[in-house]
Amino acid sequence: MQKTLIIFKPDCVQRRLVGQILQRFESKGLRIAGLKLIQVDRALGEKHYAEHQGKPFFEGLIQFITGGPVVVGILEGNEAITVVRTLLGATNGTAAAPGTIRGDFSISKQNNLLHGSDSPESAEREIALWFRPEEIVDYSVAGSEWVFGGA
Ligand code: IDP
Ligand code: MG
């Protein structure tokens, strides 16, 4: 079972889309292993997006991610990293396929509603950056054998 980090970015919170998008992840069968609403400060934003430092959109991205509260969570399930990235769709909301979260709700390159970890290494780094160990909750979801069963 794999864990991945998701961030409902400030546009998602302000547009009151958190609930219906979280429902998509739950419906898919992913387990919520951590969830909280926080105001991101510049230091955390810069650490999270360190790989984009120096790019032309970096400063705008930091202004965006610190521009209002976010909901950050950890989802767990079979192939959770890929599953979440697939549900999110392409980075650019104008190009994301209909049926994906960004395809259905975003029409912006920057304001694309959610972040999802892109590899096992990123997931490990990001989970450690955003969550203290005691905030990550291990429990079994009723009926999960029906969701995760088989090959
Ligand atoms: P990802 O979130 O799909 O992994 P990345 O390329 O890692 O996409 O970019 C991180 C975030 O930076 C994007 O989700 C988006 O919010 C923002 N971003 C990426 N490219 C651009 C751009 O060209 N202009 C403005 N913002 C961008
Ligand atoms: Mg990325």
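Along the sequence shown, residues are numbered consecutively beginning with 1. Order of appearance sets the numbers: ligands from 1, and atoms from 1 within every ligand.
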(message) Taking the side chain as everything from C-beta on, heavy atoms only, tell me whether Lys28 gets closer than 4.5 Å to Leu75.
(response) no
Side-chain donor-acceptor contacts of residues 37-45 below 3.5 Å, not counting sequence neighbours, with atom names and distances?
residue : atom : partner : partner atom : Å
Gln39   : NE2  : Thr66   : O            : 2.9
Asp41   : OD1  : Ala43   : N            : 3.4
Asp41   : OD1  : Leu44   : N            : 2.9
Arg42   : NE   : Glu46   : OE2          : 2.8
Arg42   : NH1  : Glu59   : OE2          : 3.1
Arg42   : NH2  : Glu46   : OE2          : 3.0
Arg42   : NH2  : Glu59   : OE1          : 2.8

(message) How close do Thr94 and Ile107 get, counting heavy atoms only, and between which atoms?
(response) CG2-O, 3.4 Å
(request) Hey, could you give me each pair passing ring-ring contact (aromatic ring centres under 6.0 Å, His included) that has a residue in residues 1-27? Not counting sequence neighbours. (result) none
Output a table of donor-acceptor pairs, distance under 3.5 Å, between side-chain atoms of residues 139-150 and any protein atom two or more places apart or on a different chain; print 'none' if there are none.
residue : atom : partner : partner atom : Å
Tyr139  : OH   : Ile32   : O            : 2.5
Ser144  : OG   : Val141  : O            : 3.1

(request) Could you pull out every protein residue that has a heavy atom closer than 4.0 Å to ligand 1, ordered by chain and then number? (result) Lys9, Tyr49, His52, Phe57, Leu61, Arg85, Thr91, Arg102, Lys109, Gln110, Asn112
(message) Which label fits Phe57 and His52: parallel for a plane angle under 30°, tilted from 30 to 60°, or perpendicular past 60°?
(response) tilted
